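Residues take their numbers from the sequence shown, with the count starting at 1. Please read these numbers as outputs of a predicted model, since none were measured by experiment.
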Amino acid sequence: SNKGFTAWLEETVDFYPGFGTFVDAHTIAIEGTHIYGGLIVIHTGTRARVPSIPGIESVPWLDNKGILALNELPSHLLIIGGSYIGLEFAQAFRRLGSEVTLFESSPQIISKEDEDISEIARSVLEDEGIEIFTSASISSVSQKADQQISVEYQGGTITGSHLLVGAGRIPNSDGLNLSNAGVEIDERGFIIVDDTCRTSVPHIYALGDVNGRGAFTHTSVHDGQVFLSALSGGSKKISDRTLTYSLFIDPPLARVGMNEKQAKQHNIPYLVATKEMASVSRAKEKDETKGRIKILVNKDDDTIIGAAV
């Protein structure tokens, strides 16, 4: 529940619940009230992207919020999307007792990761009984008379009790009337910002997922630090941060810096060192031997440029 946080807001700031839109570069309209701001911060986040699959609008699909509001355990959870949301909920509900089937359109799950890391994660999940279809081309989804949901793909039709959609995120920028303020967005709808979170309008800033410069809680927090630094004449920049994140499956995947795919994209010569967790004494002691440690080093100067565990 957000009741405690809402109560804190009401006590601390002038809080206007509702949906705000720009009237002009300094004015926000909300529930019939116009509010003037000399400095404006946009922090509206993202929402689940609805894939363009025939029938998707006719079935009661769930996003990452909706699935947490369920009062019953799905007997068979169907999942579209093989990245963070899809994999984390796949393993969680499998361990709770649900049958789980996951569809990913790319040739591998967590497609931004190196193939070997992706294959280890897939092996972990499949060993727990999760059914995974990669390179899956879904042609339609539908709900039957018995309320079961069917997913039709090139390999046939699979029917389940619930459908989770975790096929990416889109920014909550489309309803803000940003054009009234002159704020520029990119082709995906993310608000374009400079290295201090400033938009194309000097007194308007965009923080968090909506600016497309990060998709994690910690990157959003860092955006806040960058913004506050800019206000006080500091020197913090978005580009200062090193990519770090975790995928909360068990065992979790953690990465910092670049992987092989990114090093190749940037034409960085590199060396790779790997060590299987099965040969790590602490992992054997705790009987947690699945996984791999992988470190990338710049071939020219021996600088560590990335690691995955």
Side-chain angles (χ1 to χ4, degrees), residues 1-4 46-51 53 55-56 58-106 108-111 113 117-134 136 138 141-153 155-169 215-218 245-255 277 283 286-292 309:
S1 172
N2 62 2
K3 291 181 179 179
T46 58
R47 64 184 184 274
R49 181 179 71 84
V50 184
I53 299 172
I56 191 70
S58 66
V59 302
W61 59 271
L62 303 164
D63 61 10
N64 58 304
K65 292 182 179 180
I67 197 167
L68 293 175
L70 290 176
N71 294 316
E72 72 282 346
L73 179 67
S75 58
H76 187 174
L77 178 62
L78 308 177
I79 301 176
I80 297 176
S83 192
Y84 307 97
I85 291 172
L87 299 187
E88 290 173 358
F89 281 114
Q91 188 180 56
F93 276 88
R94 179 61 187 149
R95 291 185 173 187
L96 288 170
S98 299
E99 184 177 353
V100 177
T101 302
L102 184 144
F103 303 89
E104 168 55 44
S105 60
S106 299
Q108 66 178 64
I109 58 173
I110 39 177
S111 58
E113 298 302 322
I117 299 298
S118 170
E119 283 302 312
I120 292 171
R122 179 170 186 161
S123 176
V124 166
L125 297 173
E126 288 183 330
D127 285 349
E128 295 191 16
I130 297 170
E131 190 174 34
I132 298 174
F133 296 101
T134 49
I138 299 175
V141 297
S142 59
Q143 188 171 33
K144 307 303 181 184
D146 60 0
Q147 305 305 306
Q148 293 287 293
I149 297 173
S150 291
V151 173
E152 185 174 344
Y153 74 114
T157 301
I158 295 181
T159 300
S161 60
H162 296 73
L163 175 64
L164 169 66
V165 174
R169 311 283 294 177
F216 304 98
T217 300
H218 56 273
Y245 64 85
S246 293
L247 170 65
F248 294 105
I249 56 174
D250 180 25
L253 166 62
R255 184 153 72 84
M277 296 302 293
K286 299 184 69 175
D287 195 24
E288 296 179 356
T289 55
K290 294 180 179 179
R292 172 179 297 167
V309 180

Original post:
Could you give the distance from CG (Leu164) to CZ (Phe93), rounded to the nearest 0.5 Å?
Top reply: 8.0 Å
Original post:
Between atom CG of Asn64 and atom CD1 of Ile85, what is the distance when rounded to the nearest 0.5 Å?
Top reply: 4.0 Å
Original post:
Should Glu104 and Ile132 count as side-chain neighbours, where that means a heavy-atom distance under 4.5 Å?
Top reply: no
Subject >> Ile149 side chain near Trp61 side chain, heavy-atom distance below 4.5 Å >> reply: no
Subject >> Point-to-point distance, once rounded to the nearest 0.5 Å, from CZ of Phe103 to OH of Tyr153 >> reply: 6.0 Å
Subject >> Flag side-chain contact, heavy atom, 4.5 Å: Leu77 against Ile67 >> reply: yes
Original post:
Roughly how far, to the nearest 0.5 Å, is CG of Leu253 from CZ of Arg292?
Top reply: 12.0 Å
Subject >> Over all atoms of both residues, closest heavy-atom pair of Met277 and Glu288 >> reply: CB-O, 4.4 Å
**OP:** Compare all side-chain heavy atoms of Ser161 with those of Gln148 and state whether any distance is below 4.5 angstrom.
**Re:** yes
Subject >> Set of residues satisfying side-chain hydrogen bond (donor to acceptor under 3.5 Å, both in side chains) with respect to Thr46, sequence neighbours excluded >> reply: Arg169
Original post:
Does a sphere of radius 6.0 Å around CG in Asp127 hold more than 12 heavy atoms from other residues, nucleotides or ligands, not counting ones at 6.0 Å or beyond?
Top reply: yes
Subject >> Heavy-atom closest pair, residues Gly291 and Ile120 >> reply: CA-CG2, 3.9 Å
Subject >> Side chain proximity check, Val165 to Val50, heavy atoms < 4.5 angstrom >> reply: no
Original post:
Hey, does Arg255 have a side-chain heavy atom less than 4.5 Å from the side chain of Ile117?
Top reply: no
Original post:
How long is the span from the CG atom in Leu163 to the CD1 atom in Ile56, to the nearest 0.5 Å?
Top reply: 5.5 Å
Original post:
Taking all non-hydrogen atoms of both residues, which atom of Ile110 and which atom of Ala121 are closest, and how far apart?
Top reply: CD1-CB, 4.0 Å
Subject >> All pairs passing side chain to side chain donor-acceptor pair (under 3.5 Å) where residues 85-94 contributes a residue, at least two apart >> reply: Gln91-Glu128
Original post:
With distance as the sole criterion, is a donor-acceptor pair present between the side chains of Thr101 and His76 under 3.5 Å?
Top reply: yes
Original post:
Closest approach of Lys144 and Ser150, non-hydrogen atoms and distance?
Top reply: CE-OG, 3.1 Å
**OP:** Answer whether the closest heavy-atom distance between the side chains of Ile80 and Ser105 falls below 4.5 Å.
**Re:** no
Original post:
Using the ring of each side chain (for Trp, its six-membered ring), is His218 parallel, tilted or perpendicular to Phe216, with breaks at 30° and 60°?
Top reply: parallel
Original post:
Is there side-chain contact between Leu68 and Phe89, with heavy atoms separated by less than 4.5 Å?
Top reply: yes
**OP:** Evaluate the side-chain contact (heavy atoms from CB on, under 4.5 Å) criterion for residues Leu62 and Leu70: first the C-alpha distance (whole Å), next the side-chain angles of each, then the deciding distance (0.1 Å), finally the verdict.
**Re:** CA-CA 9 Å; Leu62 303 164; Leu70 290 176; 3.9 Å; yes
**OP:** Of all the heavy-atom pairs spanning Ile109 and Leu125, show the shortest one and how long it is.
**Re:** CD1-CD1, 4.4 Å
**OP:** Kindly give the heavy-atom pair with the smallest separation between Asp63 and Ala48, and that separation in Å.
**Re:** CB-CB, 3.8 Å
**OP:** First locate atom OG of Ser142, then atom CD1 of Ile53, and finally report the distance between them rounded to the nearest 0.5 Å.
**Re:** 12.0 Å
